[in-house]
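Input: a single structure, listed below in structure tokens.
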Amino acid sequence: QLDSVAQPPGSSQITISGKFVTGLGQTTVSVAPRDPTKMVCTPPSTPVMVQSIAATLLTATLPGLEAGDYTPTVVLQERGEGVWTAPSQNTITVGLSVASLSPKSFGHGGGESITVMGSGFPPSCAAAAGQSSVSSSVLKVTVCSEECVVTSHSTSMIECTLPPSPTALSNTSRDFSSNQVCSVNVQVGDHQATSPDSVTYDASMTSIVTDVSPRRGGTAGGTMLTINGMFVRTATANVTVSIDGADCVVTSV
């Protein structure tokens, strides 16, 4: 018999009230999303570590979970699955939060990887056994309202590729002499959170291309290009050039 589940705000520990057979080895606990269609990449069931159990109270610690609502399932060895006496009392809610960003400064052109740390992010879809594909819910990171394309994620970390700054995307103003500060927002399904940190598009870290010569070359390639401008990194190993997605070998900077 399961009566209710409680979870202190911000805590990973849950307590389930009911009637139990004591002994850690006799009881297993798992949690399942109440509405799988609202999850991005969460498996149908996730095991939970039982910490203690008494005749009327069970304590367990949640693993990292995607933000959303979950229902615990308690199975007693040789007695089967516990039954909730009040279904309205059987829900726990995992929140979404963003703790930090790294790094925090970039050139106006973007294109570099940023790491977002926090909790409530979806696990890797490949690791979410039983989840055949990403549902209609979304995982999205935006920087100044522009999408930061997600390249990998876990329940505590997201990596994404920074978009260009609003100045770089502007069709009217291309003045890169000033810094531009942007907020970072994370969306996981119906949940949203804003990072306490901001990112800065730093003028001193911005390379600027002023001219490319020649402007034409044969379809077989092999044409030597000269790109003029102001470049922050001058070591050949730190510079990559591509033309319509094809690599152009850098010979000198």
Side-chain angles (χ1 to χ4, degrees), residues 5 7 9-14 28-51 60-75 90-106 110-164 182-199 240 245:
V5 59
Q7 178 188 16
S11 173
S12 61
Q13 182 171 292
I14 61 172
T28 60
V29 180
S30 61
V31 292
R34 288 185 64 85
D35 186 351
T37 64
K38 292 186 177 182
M39 312 305 285
V40 177
C41 286
T42 287
S45 180
T46 302
V48 174
M49 181 179 294
V50 177
Q51 298 291 345
T61 300
L62 298 173
L65 294 170
E66 177 181 343
D69 294 332
Y70 294 81
T71 297
T73 296
V74 180
V75 177
N90 70 348
T91 301
I92 57 173
T93 298
V94 176
L96 175 67
S97 66
V98 180
S100 64
L101 307 172
S102 179
K104 300 178 186 178
S105 297
F106 307 85
E112 296 193 55
S113 180
I114 182 172
T115 299
V116 184
M117 302 300 295
S119 61
F121 305 154
S124 166
C125 294
Q131 183 80 15
S132 58
S133 62
V134 176
S135 69
S136 58
S137 291
V138 297
L139 165 61
K140 189 174 183 180
V141 180
T142 56
V143 179
C144 268
S145 300
E146 295 294 332
E147 185 171 3
C148 187
V149 177
V150 175
T151 55
S152 65
H153 57 88
S154 68
T155 56
S156 60
M157 181 190 72
I158 299 173
E159 290 186 340
C160 62
T161 302
L162 196 75
C182 287
S183 61
V184 177
N185 186 73
V186 176
Q187 178 184 351
V188 177
D190 296 335
H191 305 264
Q192 295 196 37
T194 300
S195 171
D197 300 328
S198 299
V199 297
T240 59

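- Residues Val5 and Gln7 have side chains not in contact (no heavy-atom distance under 4.5 Å, counting atoms from C-beta outward).
- Using modelled atom types, no side-chain atom of His153 and backbone atom of Glu159 make a donor-acceptor pair closer than 3.5 Å.
- Between Ala193 and Asn185, the shortest heavy-atom contact is O-OD1, 3.1 Å.
- Side chains of Val184 and Asp197 form no contact here, defined as non-hydrogen atoms less than 4.5 Å apart.
- The main-chain N or O of Val40 is found under 3.5 Å from a side-chain atom of Glu66 such that the two form a donor-acceptor pair.
- Judged purely by distance below 3.5 Å, without hydrogens or angles, the side chains of Gln51 and Thr61 pair a donor atom with an acceptor atom.
- Put simply, NZ on Lys140 and SG on Cys148 are 11.5 Å apart, with the number rounded to the nearest 0.5 Å.
- The closest side-chain heavy-atom distance from Pro122 to Val188 is below 4.5 Å.
- To the nearest 0.5 Å, the span separating CZ on Phe121 from OG on Ser156 amounts to 8.0 Å.
- Residues Val48 and Pro63 are in side-chain contact: their nearest non-hydrogen atoms beyond the backbone lie under 4.5 Å apart.
- Here the straight-line distance linking atom CD1 of Ile114 with atom OG1 of Thr151 works out to 11.0 Å at 0.5 Å rounding.
- Asp69 is linked by a salt bridge (charged side-chain N to carboxylate O under 4.0 Å, His left out) to nothing, counting only residues two or more places apart in sequence or in another chain.
- Here CG of Leu65 is found 7.5 Å from CE of Met39. Values are rounded to the nearest 0.5 Å.
- One finds the OG atom of Ser102 at 11.0 Å from the CE atom of Met157 (value rounded to the nearest 0.5 Å).
- Defined by atom type and a distance below 3.5 Å, a donor-acceptor pair is present between the side-chain atoms of Ser119 and Ser97.
- Met117 contributes atom CE, which lies 10.0 Å from atom CD1 of Ile158 (distance to the nearest 0.5 angstrom).
- When all heavy atoms of Pro72 and Val31 are compared, the pair lying nearest together is CA-CG1, 4.0 Å.
- When all heavy atoms of Leu96 and Val186 are compared, the closest pair comes out as CD2-O, 3.7 Å.
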